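Inspection log for the structure reproduced underneath, given as structure tokens.
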There are 2 protein chains.
Amino acid sequence: MAKIHEVAEAAGVSISTVSYALSGKRTISAETRRRIEQAVRELDYRPNAGARMLAGRRTNIFALTEPFRADTYAPAHMAFVLATSIAARRYDYDVLLLTEEQASAGMRRVARSGLADAVLVLDVAPDDERVELARHLDIPSVFVGVPNDHDGLVCVDLDFEAAAGLAVDRLADAGHRTIGLLGHPAAAYHRSNFPPRVRAGFERRARERGLADTVELPEFGGARRVAVRAALGVLLDRGVTGIVLHCDEEAHVAALDELAARGLRVPDDVSVVSVGSTFDTSSMQPPLDVLPLVPQASCDLAVDLAMQLLSDAVPPPGVRLVAPVYHDHGSVAPPGRR
Amino acid sequence: MAKIHEVAEAAGVSISTVSYALSGKRTISAETRRRIEQAVRELDYRPNAGARMLAGRRTNIFALTEPFRADTYAPAHMAFVLATSIAARRYDYDVLLLTEEQASAGMRRVARSGLADAVLVLDVAPDDERVELARHLDIPSVFVGVPNDHDGLVCVDLDFEAAAGLAVDRLADAGHRTIGLLGHPAAAYHRSNFPPRVRAGFERRARERGLADTVELPEFGGARRVAVRAALGVLLDRGVTGIVLHCDEEAHVAALDELAARGLRVPDDVSVVSVGSTFDTSSMQPPLDVLPLVPQASCDLAVDLAMQLLSDAVPPPGVRLVAPVYHDHGSVAPPGRR
DNA sequence: CCGTGGTGTCGAAGCGCTTCGATACGCAAG
DNA sequence: CTTGCGTATCGAAGCGCTTCGACACCACGG
């Protein structure tokens, strides 16, 4: 592996000139820069990571804490990890994966050994042990997700509440007066930070628009299909004509199957809107309107904020909500043909 | 963050003594070691990662290349990433995640900057671009999976061929004379390294045991269920009484549903064995016998090998196959009641 | 002509650790 | 009493980079 000293020699300049040329922190004449860049290319030079960390007090590494649990829904989490990694690369940062069940241990270890410049916190629980730790860590952190107690933290997330509100609006605008939310199982409301926000947004907007609303949280203990069937039954019995779906892909499919089995067509008999999905609802049978959760949107912003936290223009703590976007796939229509 | 110098001071010894006490590379008296350990605890000391890399020529980091593709089956891949991370922690190693589509770029970058001590290669394709690169890299690598051309590489994997062979044996031992393999879609046979090995093991053992065998690779282009139904139809039409399943969870479920729909009971009418699954087949309806792919087994071994490659007792290149284990859940019985 | 300020480059001092060789000590053997 | 050796510890030299302050040079105005 070539070293900066060899580059300097090849370019006929001093070591420090090479360093400045590469970092751009001091002006270097065009000609000198050209020679240095050529030497770098010829020698296939890349600064040694350890030396850079030690001298520069920059590791160019983000720690990513993602405490994989048994019940973790893999596809969504993988999408977030991937999106974070891609976002980090834009700034020439790499991602160190912390997966230990004792999430705090990893964060503390990495911070104390100066292995990372900042911590990105994924899969945030409403009452997350990492919140308290983040406050006392000596490197900055960004939460992708909003814990209950987020005082002094920098958080990024989709505005789930607004998303649910827009879903309700769409149904109300189409003329529905009785709507229902088919949500994640009740347990998810303690484990994850966003289901409660969807529910709150749903209920608030329903109230504001004067709609009758019902919330059903199927228990997936046994067969998923059975639970979804039961929940859907409750909603339909109450005369629901518009349904907001906030659950995983399997439950979506099960719900659509069940509607079909009951002879109900979407959107002719029932209107459906999906909220906060990370999977593709546009190729379902039928395609569903959706206000998706886009990992890239949150992760790009999270990485941007992390970079700012490392600069001297430190942004203030607070929650940054990403505005939801409505994608129309034709699953909402006026009620009443039933 | 405390530094080694402060630890030395607190323990009343020199810096080098602290270093040796912590690394164990020279003998330190029990009493001195005690004082040092106490100082470390009190100061909450952790060696600075950058300094360690620079001076020690050890980064304590493994790079993990996992080129997430659109068609990646998330749960299995996540399981491997997690297993690797856990295995690495046993040696106080952290994992740096390389996800770039251009997988080689990340490997090269990390190797050239000395960011990692070794590369762990996941999600290996039969004709993987990382193979050639690994040969020319100046840090060692371990492949979890076996590429076609694995000359000079260190590879670890489940012995898929043996697993398929054992599955066939089980069916043959139970008295089945006509068996079928319901495999991954044909495309997977180019993308991944193990489907061909399962197929080869299946066909070879079937031949050895004198069985009639059929291989069906459903195309999941449209609805999964439809494809699985068709493939299963072909197998049953040919008089298959024993089925080996080597496909994803969804296809398993679809296959069992389809059997039930045809009024065929497992194992009374048809025997079924699952091969190389990472998901739980014991809680399916009905529970299925399985020769599972256990991420932990492969990843533990891969990390062990990586550590050896970093030691002076460098193991020879070659393929290390993990022996498959048969888990009986009662889905195989003698044929003929049909 | 000298002073002034901007521009481009260099030398050297670290960053915090590991590790080599040297040293000091005590103890058994000669 | 010296010699030799093993044990426990120390000092100092890097590891490869960043960055600070210094300096040389040139163009400009006075």
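To find a chain, count down the sequence lines: A is the first, B the second, and so on, and within it residues start at 1. All values reported here derive from a predicted model rather than from experimental measurement.
- Residue-level contact check: S23(A) touches neither bases nor backbone, having no heavy atom under 4.0 Å from any strand.
- Each ring-ring contact (aromatic ring centres under 6.0 Å, His included) pair with one or both residues in residues 16-58 of chain A, not counting sequence neighbours, would appear here, but there are none.
- In this structure, H136(A) contributes its side chain and L133(A) its backbone to no donor-acceptor pair below 3.5 Å.
- Across the protein-nucleic acid pair, I4(B) atom CD1 and dC10(D) atom P stand 12 Å apart, rounded to whole Å.
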Identify the pairs formed between an N or O of the protein and an N or O of nucleotides 25-28 of chain C at a distance under 3.5 Å, and give each distance.
none

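- A side-chain donor-acceptor contact under 3.5 Å links T32(A) and S29(A).
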Write out a two-atom table: protein N or O, nucleotide N or O from nucleotides 20-24 of chain C, distance below 3.5 Å.
from, atom 1, to, atom 2, distance (Å)
dC20(C), N4, Y20(B), OH, 2.7
dG21(C), N7, R26(B), NH2, 3.2
dG21(C), O6, R26(B), NH1, 2.3
dG21(C), O6, R26(B), NH2, 3.3

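- Atom CD of E132(A) has more than 12 neighbouring heavy atoms from other residues, nucleotides or ligands inside a 6.0 Å radius.
- The nearest whole Å value for the distance from the CD1 atom in I15(A) to the P atom in dT18(D) is 10 Å.
- Here the closest non-hydrogen pair linking V18(A) and A8(A) is CG2-CA, 3.5 Å.
- Base contact: S19(A) has a heavy atom under 4.0 Å from a base atom.
- A straight line from CD of E9(B) to P of dG16(C) spans 14 Å, rounded to a whole angstrom.
- Between the side chain of N193(B) and the backbone N or O of V124(B) there is at least one donor-acceptor pair closer than 3.5 Å.
- In the helix from dC1(C)-dG30(D) to dC27(C)-dG4(D), the end axes, each obtained as the rotation axis mapping the C1' atoms of four pairs onto the next four within a five-pair block, lie 60° apart to the nearest 10 degrees.
- Taking 4.0 angstrom as the limit, S29(B) places a side-chain polar atom (N or O) nearer than this to OP1 or OP2 of dT9(D).
- Side-chain N/O atoms of T17(A) include one lying less than 4.0 angstrom from OP1 or OP2 on dC10(C).
- Atom pair H5(B):NE2 and dT18(C):P shows a separation of 16 Å (rounding to whole Å applied).
- D117(B) is linked by a salt bridge (charged side-chain N to carboxylate O under 4.0 Å, His left out) to nothing, counting only residues two or more places apart in sequence or in another chain.
- The side chain of K25(B) contributes an N or O atom lying less than 4.0 Å from OP1 or OP2 of dT19(C).
- DNA chain C lies under 4.0 Å from at least one heavy atom of each of the following residues of residues 46-60 of chain A: L54(A), A55(A), R57(A).
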